[in-house]
Amino acid sequence: MASIWRYLLAGLGLAALLVGILAVVFLTAPRSSLPAGPDVSRTKNTANALFVASFAPERGVVRQGELQSWLLTLKTKAGVPVEGAAIAISGGMPLHSHGLPTSPQATDYLGDGRYRIEGVKFTMSGWWQVHFAISATAGSDTVLFNVVL
Amino acid sequence: MRWLSRFLALMVAVVLAGCGKPDFSDAEKKTIASLALSALPPLKPDTTNRFADVPAAAALGSTLFFDQGMSRDGTVSCSTCHKIDRQFQDDLPQAVGVGHTNRRTMPLAGVARDPWFFWDGRRDSLWAQALTPLENPLEQAGNRTAYAHYIKARFGERYERIFGPLPDLSTVPANASPLGTDAEKAAWNAMPDDEAEDVNRVFANIGKAIAAFERSIEPAQTRFDRFALDLATGAETKGDAVFSREEILGLKLFIGKANCVTCHEGPRFTDSGFHNTGVPPVADLPPDRGRIDAVRQVDADPFNCFGAFRDGAAAACGELRFMVRDAPELVRAYKTPSLRGAATRPPYMHAGQFSSLDEVVAHYAKAVPSVEGTSEVHPLELSDRERAALVVFLKTLSE
(Lines give C-alpha, C1' and ligand atoms only; values in the text may rest on other atoms or scores of the structure.)
Protein backbone atom coordinates (compact mmCIF):
# COMPACT_ATOMS: atom_id res chain seq x y z
CA MET A 1 0.00 0.00 0.00
CA ALA A 2 2.87 2.32 0.75
CA SER A 3 3.78 2.21 -2.93
CA ILE A 4 0.58 3.99 -4.00
CA TRP A 5 1.58 6.94 -1.86
CA ARG A 6 4.96 6.87 -3.47
CA TYR A 7 3.30 7.02 -6.89
CA LEU A 8 1.00 9.83 -5.79
CA LEU A 9 3.90 11.79 -4.41
CA ALA A 10 5.85 11.26 -7.61
CA GLY A 11 2.73 12.28 -9.56
CA LEU A 12 2.37 15.46 -7.56
CA GLY A 13 6.05 16.20 -8.03
CA LEU A 14 5.79 15.75 -11.80
CA ALA A 15 2.63 17.85 -11.93
CA ALA A 16 4.41 20.62 -10.07
CA LEU A 17 7.30 20.34 -12.53
CA LEU A 18 4.88 20.57 -15.43
CA VAL A 19 3.26 23.66 -13.98
CA GLY A 20 6.73 25.12 -13.55
CA ILE A 21 7.69 24.41 -17.16
CA LEU A 22 4.43 25.81 -18.45
CA ALA A 23 4.88 28.94 -16.35
CA VAL A 24 8.37 29.48 -17.74
CA VAL A 25 7.17 28.91 -21.30
CA PHE A 26 4.28 31.32 -20.95
CA LEU A 27 6.19 33.99 -19.08
CA THR A 28 9.08 34.02 -21.55
CA ALA A 29 7.10 33.56 -24.75
CA PRO A 30 7.19 36.65 -27.00
CA ARG A 31 3.97 38.52 -26.62
CA SER A 32 1.95 38.67 -29.78
CA SER A 33 0.56 42.11 -29.05
CA LEU A 34 1.99 45.11 -27.26
CA PRO A 35 1.75 45.12 -23.49
CA ALA A 36 -1.33 47.08 -22.52
CA GLY A 37 -1.38 48.49 -26.11
CA PRO A 38 -0.80 52.21 -26.66
CA ASP A 39 -3.84 54.38 -27.30
CA VAL A 40 -4.18 54.35 -31.08
CA SER A 41 -7.22 56.59 -31.39
CA ARG A 42 -7.12 58.85 -34.41
CA THR A 43 -8.90 61.73 -32.69
CA LYS A 44 -7.60 63.25 -29.48
CA ASN A 45 -7.61 66.34 -27.32
CA THR A 46 -4.28 68.16 -27.47
CA ALA A 47 -2.17 68.04 -24.30
CA ASN A 48 -3.61 71.24 -22.81
CA ALA A 49 -7.03 70.60 -24.33
CA LEU A 50 -6.75 73.68 -26.54
CA PHE A 51 -7.70 71.77 -29.71
CA VAL A 52 -9.28 68.55 -30.87
CA ALA A 53 -6.92 66.90 -33.37
CA SER A 54 -7.49 64.07 -35.82
CA PHE A 55 -4.72 62.34 -37.75
CA ALA A 56 -5.48 59.88 -40.56
CA PRO A 57 -3.97 58.76 -43.86
CA GLU A 58 -5.32 60.87 -46.72
CA ARG A 59 -6.20 57.79 -48.78
CA GLY A 60 -7.55 55.78 -45.87
CA VAL A 61 -4.98 52.97 -45.59
CA VAL A 62 -1.54 52.94 -44.01
CA ARG A 63 1.03 51.43 -46.37
CA GLN A 64 4.24 50.30 -44.69
CA GLY A 65 7.45 51.48 -46.36
CA GLU A 66 5.82 54.05 -48.65
CA LEU A 67 5.77 57.82 -48.55
CA GLN A 68 2.24 58.87 -47.78
CA SER A 69 0.15 61.97 -47.21
CA TRP A 70 -1.81 62.16 -44.00
CA LEU A 71 -4.36 64.76 -42.88
CA LEU A 72 -4.21 66.55 -39.55
CA THR A 73 -7.55 68.13 -38.74
CA LEU A 74 -7.64 70.78 -36.03
CA LYS A 75 -10.81 72.09 -34.40
CA THR A 76 -11.47 74.01 -31.23
CA LYS A 77 -13.45 72.41 -28.42
CA ALA A 78 -16.51 74.10 -29.87
CA GLY A 79 -15.87 72.48 -33.24
CA VAL A 80 -14.57 75.59 -35.03
CA PRO A 81 -11.85 74.81 -37.62
CA VAL A 82 -8.41 76.10 -36.62
CA GLU A 83 -6.90 78.11 -39.48
CA GLY A 84 -3.40 79.40 -40.12
CA ALA A 85 -1.72 77.04 -37.67
CA ALA A 86 2.04 76.51 -37.72
CA ILE A 87 2.79 72.82 -37.33
CA ALA A 88 6.07 71.09 -36.45
CA ILE A 89 6.28 67.32 -36.67
CA SER A 90 8.57 64.85 -34.93
CA GLY A 91 8.35 61.28 -33.74
CA GLY A 92 9.88 57.85 -33.90
CA MET A 93 9.74 54.39 -32.42
CA PRO A 94 9.86 54.57 -28.63
CA LEU A 95 11.01 50.95 -28.25
CA HIS A 96 13.88 51.26 -30.73
CA SER A 97 15.25 54.67 -29.79
CA HIS A 98 15.16 56.02 -33.31
CA GLY A 99 13.25 58.86 -34.91
CA LEU A 100 11.11 58.97 -38.02
CA PRO A 101 12.88 57.83 -41.22
CA THR A 102 11.64 60.97 -43.01
CA SER A 103 10.88 64.50 -41.92
CA PRO A 104 7.19 65.03 -42.69
CA GLN A 105 5.94 68.57 -43.24
CA ALA A 106 2.60 70.35 -43.31
CA THR A 107 2.53 71.33 -46.99
CA ASP A 108 -0.99 72.57 -47.61
CA TYR A 109 -4.09 73.92 -45.90
CA LEU A 110 -7.18 72.31 -47.39
CA GLY A 111 -9.81 74.32 -45.50
CA ASP A 112 -12.13 73.20 -42.72
CA GLY A 113 -9.21 72.83 -40.28
CA ARG A 114 -7.51 70.21 -42.46
CA TYR A 115 -3.73 70.31 -43.02
CA ARG A 116 -1.97 68.01 -45.47
CA ILE A 117 1.05 66.33 -43.84
CA GLU A 118 3.34 65.01 -46.58
CA GLY A 119 6.38 62.74 -46.35
CA VAL A 120 5.04 60.35 -43.71
CA LYS A 121 6.72 56.94 -43.90
CA PHE A 122 6.66 54.01 -41.51
CA THR A 123 9.47 51.67 -42.51
CA MET A 124 8.76 48.81 -40.17
CA SER A 125 5.96 47.17 -38.25
CA GLY A 126 5.63 48.05 -34.60
CA TRP A 127 4.76 51.00 -32.43
CA TRP A 128 5.35 54.46 -33.90
CA GLN A 129 4.66 57.86 -32.40
CA VAL A 130 3.98 61.07 -34.30
CA HIS A 131 4.16 64.28 -32.32
CA PHE A 132 2.73 67.62 -33.42
CA ALA A 133 3.60 71.03 -32.02
CA ILE A 134 0.78 73.32 -33.05
CA SER A 135 0.74 77.04 -32.82
CA ALA A 136 -2.30 79.12 -33.80
CA THR A 137 -3.95 82.37 -32.76
CA ALA A 138 -5.76 80.51 -29.98
CA GLY A 139 -2.41 79.46 -28.50
CA SER A 140 0.17 76.67 -28.70
CA ASP A 141 -0.35 73.05 -27.84
CA THR A 142 0.97 69.59 -28.62
CA VAL A 143 -0.53 66.23 -29.40
CA LEU A 144 0.92 62.74 -29.73
CA PHE A 145 -0.56 60.01 -31.91
CA ASN A 146 0.36 56.35 -31.67
CA VAL A 147 0.38 54.33 -34.87
CA VAL A 148 0.76 50.56 -34.58
CA LEU A 149 1.54 48.57 -37.71
CA MET B 1 -0.97 1.93 -10.14
CA ARG B 2 -0.03 0.84 -13.60
CA TRP B 3 -2.38 3.34 -15.19
CA LEU B 4 -0.93 6.08 -13.11
CA SER B 5 2.61 5.47 -14.30
CA ARG B 6 1.37 5.13 -17.89
CA PHE B 7 -0.57 8.36 -17.59
CA LEU B 8 2.47 10.18 -16.30
CA ALA B 9 4.68 8.75 -19.03
CA LEU B 10 2.11 9.88 -21.60
CA MET B 11 2.06 13.40 -20.14
CA VAL B 12 5.81 13.67 -20.33
CA ALA B 13 5.77 12.37 -23.90
CA VAL B 14 3.14 14.96 -24.90
CA VAL B 15 5.19 17.79 -23.41
CA LEU B 16 8.36 16.66 -25.15
CA ALA B 17 6.66 16.11 -28.52
CA GLY B 18 5.31 19.65 -28.39
CA CYS B 19 8.84 21.03 -28.40
CA GLY B 20 9.92 19.45 -31.68
CA LYS B 21 7.02 20.39 -33.93
CA PRO B 22 7.27 23.69 -35.88
CA ASP B 23 4.43 25.44 -34.16
CA PHE B 24 4.24 29.17 -34.69
CA SER B 25 1.88 31.69 -33.16
CA ASP B 26 -0.40 33.58 -35.53
CA ALA B 27 1.77 36.66 -35.09
CA GLU B 28 4.87 34.66 -36.01
CA LYS B 29 3.16 33.21 -39.05
CA LYS B 30 2.21 36.69 -40.19
CA THR B 31 5.79 37.90 -39.83
CA ILE B 32 7.18 34.86 -41.66
CA ALA B 33 4.74 35.43 -44.53
CA SER B 34 5.86 39.07 -44.75
CA LEU B 35 9.47 37.93 -45.26
CA ALA B 36 8.75 35.48 -48.09
CA LEU B 37 9.83 36.38 -51.60
CA SER B 38 6.22 35.89 -52.72
CA ALA B 39 5.39 39.05 -50.70
CA LEU B 40 7.72 41.15 -52.88
CA PRO B 41 5.55 43.61 -54.82
CA PRO B 42 6.26 44.17 -58.52
CA LEU B 43 8.98 46.69 -59.28
CA LYS B 44 7.48 50.18 -59.59
CA PRO B 45 8.22 52.32 -62.65
CA ASP B 46 10.92 54.97 -62.17
CA THR B 47 9.41 58.13 -63.59
CA THR B 48 12.66 60.04 -63.09
CA ASN B 49 14.23 57.83 -65.79
CA ARG B 50 11.98 57.52 -68.83
CA PHE B 51 14.31 54.86 -70.26
CA ALA B 52 14.09 52.69 -67.13
CA ASP B 53 11.96 50.06 -68.83
CA VAL B 54 13.15 50.49 -72.42
CA PRO B 55 14.77 47.17 -73.46
CA ALA B 56 17.31 48.81 -75.81
CA ALA B 57 18.44 51.07 -72.96
CA ALA B 58 18.85 48.07 -70.64
CA ALA B 59 20.85 46.26 -73.34
CA LEU B 60 23.20 49.23 -73.78
CA GLY B 61 23.41 49.54 -70.00
CA SER B 62 24.42 45.92 -69.74
CA THR B 63 27.18 46.45 -72.33
CA LEU B 64 28.48 49.46 -70.42
CA PHE B 65 28.30 47.64 -67.07
CA PHE B 66 30.75 44.99 -68.32
CA ASP B 67 32.91 47.26 -70.51
CA GLN B 68 36.40 47.95 -69.14
CA GLY B 69 36.69 50.74 -71.69
CA MET B 70 34.54 52.69 -69.24
CA SER B 71 37.53 53.63 -67.10
CA ARG B 72 40.59 55.85 -67.20
CA ASP B 73 43.09 53.11 -67.98
CA GLY B 74 40.77 50.58 -69.62
CA THR B 75 41.06 48.00 -66.85
CA VAL B 76 38.00 48.53 -64.65
CA SER B 77 34.27 48.15 -65.27
CA CYS B 78 31.31 48.02 -62.90
CA SER B 79 31.63 44.24 -63.13
CA THR B 80 35.21 44.30 -61.83
CA CYS B 81 33.66 44.81 -58.39
CA HIS B 82 30.05 43.77 -59.04
CA LYS B 83 30.79 40.26 -60.36
CA ILE B 84 27.87 38.60 -62.07
CA ASP B 85 28.67 35.12 -60.69
CA ARG B 86 29.25 36.43 -57.15
CA GLN B 87 25.90 38.13 -56.44
CA PHE B 88 27.32 41.27 -58.04
CA GLN B 89 29.93 41.78 -55.32
CA ASP B 90 33.60 40.81 -54.97
CA ASP B 91 34.16 39.03 -51.61
CA LEU B 92 36.65 41.71 -50.50
CA PRO B 93 36.49 43.74 -47.26
CA GLN B 94 37.04 46.91 -49.32
CA ALA B 95 36.63 47.19 -53.06
CA VAL B 96 39.61 47.60 -55.38
CA GLY B 97 39.33 49.47 -58.65
CA VAL B 98 41.96 51.81 -60.04
CA GLY B 99 42.80 52.31 -56.35
CA HIS B 100 41.87 50.76 -52.98
CA THR B 101 38.49 52.12 -51.81
CA ASN B 102 37.20 52.58 -48.26
CA ARG B 103 34.01 50.56 -48.42
CA ARG B 104 32.79 47.06 -49.25
CA THR B 105 31.17 46.39 -52.64
CA MET B 106 27.41 46.06 -52.20
CA PRO B 107 25.55 43.15 -53.81
CA LEU B 108 22.88 44.36 -56.23
CA ALA B 109 19.89 41.97 -56.04
CA GLY B 110 16.71 44.02 -55.73
CA VAL B 111 18.62 47.31 -55.53
CA ALA B 112 16.16 49.08 -57.84
CA ARG B 113 13.60 49.02 -55.03
CA ASP B 114 15.64 51.25 -52.72
CA PRO B 115 15.17 54.97 -52.24
CA TRP B 116 18.86 55.59 -51.39
CA PHE B 117 22.11 54.19 -52.75
CA PHE B 118 25.54 53.45 -51.24
CA TRP B 119 26.12 52.43 -47.63
CA ASP B 120 25.42 56.03 -46.61
CA GLY B 121 22.71 56.78 -49.19
CA ARG B 122 24.55 59.70 -50.83
CA ARG B 123 22.66 59.23 -54.11
CA ASP B 124 18.89 59.26 -54.58
CA SER B 125 18.39 57.30 -57.80
CA LEU B 126 19.90 54.28 -59.45
CA TRP B 127 20.92 56.36 -62.48
CA ALA B 128 22.57 59.09 -60.42
CA GLN B 129 24.37 56.36 -58.45
CA ALA B 130 25.87 54.82 -61.61
CA LEU B 131 27.63 58.11 -62.47
CA THR B 132 29.59 58.19 -59.22
CA PRO B 133 32.03 55.24 -59.66
CA LEU B 134 32.71 56.35 -63.25
CA GLU B 135 34.42 59.51 -61.96
CA ASN B 136 35.67 58.26 -58.58
CA PRO B 137 39.50 58.27 -58.80
CA LEU B 138 39.64 55.01 -56.78
CA GLU B 139 37.05 53.18 -58.90
CA GLN B 140 36.82 53.80 -62.66
CA ALA B 141 38.66 57.12 -62.46
CA GLY B 142 37.37 58.54 -65.75
CA ASN B 143 36.00 62.00 -66.49
CA ARG B 144 32.75 62.97 -68.12
CA THR B 145 33.98 64.53 -71.37
CA ALA B 146 36.14 61.44 -71.96
CA TYR B 147 33.03 59.26 -71.43
CA ALA B 148 31.02 61.39 -73.87
CA HIS B 149 33.74 61.03 -76.53
CA TYR B 150 34.03 57.29 -75.84
CA ILE B 151 30.26 56.72 -76.17
CA LYS B 152 30.18 58.65 -79.44
CA ALA B 153 33.12 56.66 -80.86
CA ARG B 154 32.12 53.20 -79.63
CA PHE B 155 28.34 53.18 -79.21
CA GLY B 156 27.17 56.29 -81.10
CA GLU B 157 24.54 54.54 -83.17
CA ARG B 158 23.09 52.50 -80.32
CA TYR B 159 23.03 55.59 -78.11
CA GLU B 160 21.22 57.71 -80.70
CA ARG B 161 18.56 55.07 -81.35
CA ILE B 162 17.61 55.30 -77.67
CA PHE B 163 18.34 58.85 -76.59
CA GLY B 164 18.28 60.83 -79.85
CA PRO B 165 21.12 62.72 -81.54
CA LEU B 166 24.43 63.08 -79.72
CA PRO B 167 25.67 66.68 -79.38
CA ASP B 168 28.55 68.03 -81.45
CA LEU B 169 31.62 67.22 -79.37
CA SER B 170 34.25 68.59 -81.79
CA THR B 171 35.17 71.49 -79.51
CA VAL B 172 34.77 69.56 -76.25
CA PRO B 173 38.11 68.86 -74.49
CA ALA B 174 39.25 65.23 -74.34
CA ASN B 175 39.46 65.27 -70.54
CA ALA B 176 37.35 67.57 -68.39
CA SER B 177 35.13 67.26 -65.34
CA PRO B 178 34.04 69.40 -62.39
CA LEU B 179 35.29 66.57 -60.13
CA GLY B 180 38.57 65.56 -61.77
CA THR B 181 42.20 66.61 -61.46
CA ASP B 182 43.09 70.30 -61.37
CA ALA B 183 43.71 70.24 -65.14
CA GLU B 184 40.35 68.53 -65.78
CA LYS B 185 38.56 71.04 -63.56
CA ALA B 186 40.20 73.94 -65.34
CA ALA B 187 39.24 72.50 -68.71
CA TRP B 188 35.66 72.01 -67.50
CA ASN B 189 35.40 75.55 -66.17
CA ALA B 190 36.61 76.90 -69.51
CA MET B 191 33.77 75.17 -71.38
CA PRO B 192 30.74 77.25 -72.42
CA ASP B 193 27.66 76.46 -70.33
CA ASP B 194 25.67 74.88 -73.13
CA GLU B 195 28.55 72.57 -73.99
CA ALA B 196 28.87 71.49 -70.36
CA GLU B 197 25.13 70.92 -70.26
CA ASP B 198 25.33 68.76 -73.41
CA VAL B 199 28.08 66.61 -71.88
CA ASN B 200 26.17 66.33 -68.61
CA ARG B 201 23.16 65.09 -70.52
CA VAL B 202 25.14 62.35 -72.28
CA PHE B 203 26.65 61.46 -68.91
CA ALA B 204 23.20 61.29 -67.25
CA ASN B 205 21.95 59.07 -70.09
CA ILE B 206 24.84 56.65 -69.49
CA GLY B 207 23.55 56.37 -65.92
CA LYS B 208 19.97 55.89 -67.13
CA ALA B 209 20.98 53.05 -69.46
CA ILE B 210 22.98 51.29 -66.72
CA ALA B 211 20.08 51.75 -64.28
CA ALA B 212 17.69 50.19 -66.81
CA PHE B 213 19.96 47.13 -66.86
CA GLU B 214 20.27 46.99 -63.05
CA ARG B 215 16.49 46.89 -62.69
CA SER B 216 16.59 43.31 -63.93
CA ILE B 217 18.83 42.15 -61.04
CA GLU B 218 16.35 40.59 -58.63
CA PRO B 219 16.66 38.24 -55.63
CA ALA B 220 16.12 34.51 -56.26
CA GLN B 221 13.90 32.06 -54.40
CA THR B 222 15.53 30.26 -51.48
CA ARG B 223 14.81 27.35 -49.14
CA PHE B 224 13.35 29.80 -46.67
CA ASP B 225 10.81 30.95 -49.27
CA ARG B 226 9.72 27.39 -49.97
CA PHE B 227 9.35 26.79 -46.23
CA ALA B 228 7.39 30.04 -45.77
CA LEU B 229 5.09 29.25 -48.67
CA ASP B 230 4.24 25.83 -47.26
CA LEU B 231 3.67 27.34 -43.82
CA ALA B 232 1.33 29.97 -45.26
CA THR B 233 -0.69 27.54 -47.34
CA GLY B 234 -0.74 24.90 -44.63
CA ALA B 235 0.75 22.40 -47.07
CA GLU B 236 2.95 19.67 -45.67
CA THR B 237 6.57 20.71 -46.11
CA LYS B 238 8.51 18.39 -48.36
CA GLY B 239 12.06 17.90 -49.57
CA ASP B 240 14.46 20.76 -48.83
CA ALA B 241 11.61 22.99 -47.62
CA VAL B 242 11.62 21.04 -44.35
CA PHE B 243 13.39 23.07 -41.66
CA SER B 244 15.48 21.37 -38.99
CA ARG B 245 14.77 22.11 -35.33
CA GLU B 246 17.82 24.35 -35.26
CA GLU B 247 16.67 26.32 -38.30
CA ILE B 248 13.26 26.79 -36.74
CA LEU B 249 14.85 27.99 -33.52
CA GLY B 250 16.97 30.44 -35.53
CA LEU B 251 13.94 31.74 -37.40
CA LYS B 252 12.01 32.19 -34.16
CA LEU B 253 14.90 34.10 -32.63
CA PHE B 254 15.31 36.24 -35.75
CA ILE B 255 11.68 37.39 -35.62
CA GLY B 256 11.43 37.26 -31.82
CA LYS B 257 13.89 37.62 -28.98
CA ALA B 258 16.86 38.70 -31.14
CA ASN B 259 14.87 41.55 -32.77
CA CYS B 260 16.63 41.17 -36.12
CA VAL B 261 13.39 41.64 -38.02
CA THR B 262 12.91 45.17 -36.75
CA CYS B 263 15.49 46.33 -39.32
CA HIS B 264 15.89 43.30 -41.60
CA GLU B 265 12.21 43.23 -42.52
CA GLY B 266 10.04 42.49 -45.53
CA PRO B 267 10.84 40.13 -48.39
CA ARG B 268 14.27 41.72 -48.93
CA PHE B 269 15.15 41.57 -45.24
CA THR B 270 15.80 45.31 -45.15
CA ASP B 271 13.83 48.39 -44.18
CA SER B 272 15.93 50.36 -46.72
CA GLY B 273 16.76 52.74 -43.87
CA PHE B 274 19.90 53.82 -42.01
CA HIS B 275 20.92 52.68 -38.55
CA ASN B 276 23.88 52.95 -36.24
CA THR B 277 24.54 49.38 -35.12
CA GLY B 278 27.86 50.05 -33.41
CA VAL B 279 29.98 48.42 -36.12
CA PRO B 280 33.54 49.55 -35.30
CA PRO B 281 35.57 51.55 -37.84
CA VAL B 282 38.54 49.96 -39.60
CA ALA B 283 41.92 51.25 -38.45
CA ASP B 284 43.90 53.01 -41.19
CA LEU B 285 40.84 53.98 -43.24
CA PRO B 286 39.83 57.66 -43.34
CA PRO B 287 37.12 58.71 -40.84
CA ASP B 288 33.69 57.47 -41.92
CA ARG B 289 30.61 59.03 -40.34
CA GLY B 290 27.99 57.32 -42.50
CA ARG B 291 24.62 58.90 -43.25
CA ILE B 292 25.26 62.23 -41.50
CA ASP B 293 27.87 63.24 -44.10
CA ALA B 294 25.85 61.89 -47.04
CA VAL B 295 22.94 64.30 -46.55
CA ARG B 296 24.94 67.28 -47.78
CA GLN B 297 26.34 65.31 -50.71
CA VAL B 298 22.98 64.18 -52.04
CA ASP B 299 21.57 67.70 -51.64
CA ALA B 300 24.53 69.06 -53.64
CA ASP B 301 24.45 66.43 -56.41
CA PRO B 302 23.50 68.09 -59.73
CA PHE B 303 22.05 64.73 -60.84
CA ASN B 304 19.69 64.43 -57.85
CA CYS B 305 15.92 64.35 -58.24
CA PHE B 306 15.58 68.14 -58.10
CA GLY B 307 18.28 68.59 -60.76
CA ALA B 308 17.90 69.37 -64.45
CA PHE B 309 18.32 65.77 -65.65
CA ARG B 310 15.29 64.19 -63.99
CA ASP B 311 12.53 63.03 -66.31
CA GLY B 312 8.90 63.31 -65.22
CA ALA B 313 7.38 65.42 -62.48
CA ALA B 314 9.00 66.59 -59.25
CA ALA B 315 6.27 64.72 -57.38
CA ALA B 316 8.62 61.71 -57.62
CA CYS B 317 11.15 63.51 -55.40
CA GLY B 318 9.40 62.91 -52.07
CA GLU B 319 12.29 60.99 -50.54
CA LEU B 320 14.73 63.83 -51.20
CA ARG B 321 12.22 66.50 -50.24
CA PHE B 322 11.35 64.90 -46.92
CA MET B 323 14.82 63.51 -46.16
CA VAL B 324 15.93 63.73 -42.52
CA ARG B 325 18.73 66.29 -42.72
CA ASP B 326 19.89 66.68 -39.15
CA ALA B 327 19.34 64.14 -36.41
CA PRO B 328 21.84 62.63 -33.98
CA GLU B 329 20.92 59.11 -35.11
CA LEU B 330 22.41 59.76 -38.57
CA VAL B 331 25.93 59.62 -37.11
CA ARG B 332 27.58 56.37 -38.24
CA ALA B 333 24.26 55.14 -39.57
CA TYR B 334 24.52 52.82 -42.58
CA LYS B 335 21.99 51.31 -44.93
CA THR B 336 20.47 48.05 -43.71
CA PRO B 337 21.73 45.41 -46.15
CA SER B 338 19.51 42.66 -47.49
CA LEU B 339 20.30 39.32 -45.88
CA ARG B 340 19.33 37.25 -48.90
CA GLY B 341 22.44 35.44 -50.07
CA ALA B 342 24.52 36.92 -47.23
CA ALA B 343 25.71 33.55 -45.89
CA THR B 344 27.67 32.82 -49.08
CA ARG B 345 29.32 36.22 -49.46
CA PRO B 346 31.50 37.15 -46.49
CA PRO B 347 32.97 39.49 -45.34
CA TYR B 348 30.27 41.65 -43.79
CA MET B 349 29.40 45.28 -43.00
CA HIS B 350 30.23 48.54 -44.77
CA ALA B 351 33.98 48.03 -44.68
CA GLY B 352 34.14 44.25 -44.34
CA GLN B 353 34.64 44.46 -40.57
CA PHE B 354 33.49 40.88 -39.85
CA SER B 355 34.69 37.80 -41.68
CA SER B 356 31.94 35.33 -40.69
CA LEU B 357 28.29 35.20 -39.65
CA ASP B 358 29.44 33.92 -36.25
CA GLU B 359 31.28 37.20 -35.78
CA VAL B 360 28.21 39.16 -36.92
CA VAL B 361 25.94 37.39 -34.42
CA ALA B 362 28.53 37.81 -31.66
CA HIS B 363 28.57 41.54 -32.47
CA TYR B 364 24.78 41.79 -32.07
CA ALA B 365 24.82 39.79 -28.83
CA LYS B 366 27.48 41.98 -27.29
CA ALA B 367 26.18 45.28 -28.68
CA VAL B 368 29.27 47.36 -28.03
CA PRO B 369 28.63 51.12 -27.94
CA SER B 370 29.35 53.03 -31.14
CA VAL B 371 32.63 54.97 -31.38
CA GLU B 372 30.49 57.96 -32.34
CA GLY B 373 26.75 58.48 -32.06
CA THR B 374 24.49 55.94 -30.36
CA SER B 375 24.04 52.33 -31.39
CA GLU B 376 20.43 51.21 -31.73
CA VAL B 377 21.40 47.64 -30.87
CA HIS B 378 20.96 46.39 -27.31
CA PRO B 379 22.81 43.42 -25.77
CA LEU B 380 21.12 40.04 -26.23
CA GLU B 381 21.15 37.07 -23.89
CA LEU B 382 21.89 34.31 -26.39
CA SER B 383 23.19 30.84 -25.52
CA ASP B 384 25.80 29.23 -27.76
CA ARG B 385 23.05 27.06 -29.20
CA GLU B 386 20.90 30.09 -29.99
CA ARG B 387 23.77 31.91 -31.71
CA ALA B 388 24.47 28.87 -33.84
CA ALA B 389 20.76 28.60 -34.66
CA LEU B 390 20.65 32.20 -35.93
CA VAL B 391 23.57 31.48 -38.25
CA VAL B 392 21.97 28.25 -39.46
CA PHE B 393 18.75 30.14 -40.20
CA LEU B 394 20.60 32.83 -42.19
CA LYS B 395 22.04 30.07 -44.36
CA THR B 396 18.53 29.10 -45.48
CA LEU B 397 18.45 32.49 -47.26
CA SER B 398 21.33 31.37 -49.48
CA GLU B 399 20.22 27.88 -50.43
Side-chain angles (χ1 to χ4, degrees), chain A residues 1-15 17-22 24-26 28-34 63-70 89-93 95-107 117-128 149, chain B residues 1-5 7-9 11-12 14-15 18-19 25-31 34 41 44 113 115-116 252-253 255-257 259 261-266 268 270-276 315-330 333 336 374-378:
Chain A
M1 228 35 216
S3 64
I4 201 169
W5 292 113
R6 268 220 303 272
Y7 271 108
L8 264 180
L9 209 63
L12 277 176
L14 272 173
L17 190 72
L18 195 70
V19 168
I21 289 173
L22 285 179
V24 168
V25 167
F26 275 98
T28 57
R31 282 176 225 172
S32 53
S33 57
L34 292 156
R63 295 267 268 296
Q64 194 179 322
E66 278 180 31
L67 278 181
Q68 288 196 304
S69 288
W70 285 53
I89 303 145
S90 58
M93 293 194 90
L95 299 181
H96 299 299
S97 63
H98 66 72
L100 296 173
T102 55
S103 45
Q105 290 159 29
T107 54
I117 312 295
E118 277 189 270
V120 178
K121 179 160 136 179
F122 301 112
T123 34
M124 58 206 218
S125 52
W127 172 23
W128 292 86
L149 294 181
Chain B
M1 272 180 288
R2 266 258 173 98
W3 65 264
L4 195 60
S5 53
F7 174 71
L8 289 175
M11 294 265 286
V12 171
V14 164
V15 169
C19 300
S25 68
D26 286 346
E28 284 175 326
K29 282 186 183 161
K30 200 175 142 213
T31 307
S34 75
K44 288 215 199 87
R113 293 157 190 280
W116 303 106
K252 281 190 178 252
L253 289 166
I255 63 174
K257 185 170 103 174
N259 287 323
V261 80
T262 54
C263 300
H264 297 284
E265 60 104 26
R268 291 181 53 229
T270 169
D271 60 358
S272 304
F274 302 92
H275 302 276
N276 180 330
C317 306
E319 290 284 354
L320 185 60
R321 184 173 174 206
F322 300 107
M323 168 171 73
V324 177
R325 287 180 166 76
D326 52 352
E329 68 240 38
L330 303 186
T336 313
T374 311
S375 172
E376 288 177 37
V377 176
H378 306 295

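Reminder, nothing fancy here: chain letters follow the sequence lines and each chain counts from 1. Given the structure is predicted, the values throughout are model-derived calculations rather than measurements.
Neither the backbone nor the side chain of A:Gln68 comes within less than 4.5 Å of any heavy atom of chain B. With a 4.5 Å cut-off on non-hydrogen atoms, B:Pro328 does not touch chain A at all.
Interatomic distance, OG1 of B:Thr262 versus NE2 of A:His98, reported as 7.0 Å (0.5 Å rounding). Going from atom CD1 of A:Ile117 over to atom CZ of B:Phe322 covers 10.0 Å, rounded to the nearest 0.5 Å. Once rounded to the nearest 0.5 Å, the distance linking CZ of B:Arg321 with OG1 of A:Thr107 reads 5.5 Å.
Residues satisfying the side chain to side chain donor-acceptor pair (under 3.5 Å) criterion with A:Gln64, sequence neighbours excluded, are B:Glu265.
Chosen from A:Lys121, A:Met93, A:Gln105, the residue pairing most often with chain B at heavy-atom distances under 4.5 Å is A:Gln105.
In this structure, the side chain of A:Thr102 does not engage the main chain of B:Met323 through any donor-acceptor pair within 3.5 Å.
Between B:Val324 and A:Leu100, the shortest heavy-atom contact is CG2-O, 3.5 Å.
No more than 12 heavy atoms of other residues, nucleotides or ligands shown are found within 6.0 angstrom of CZ on A:Arg63.
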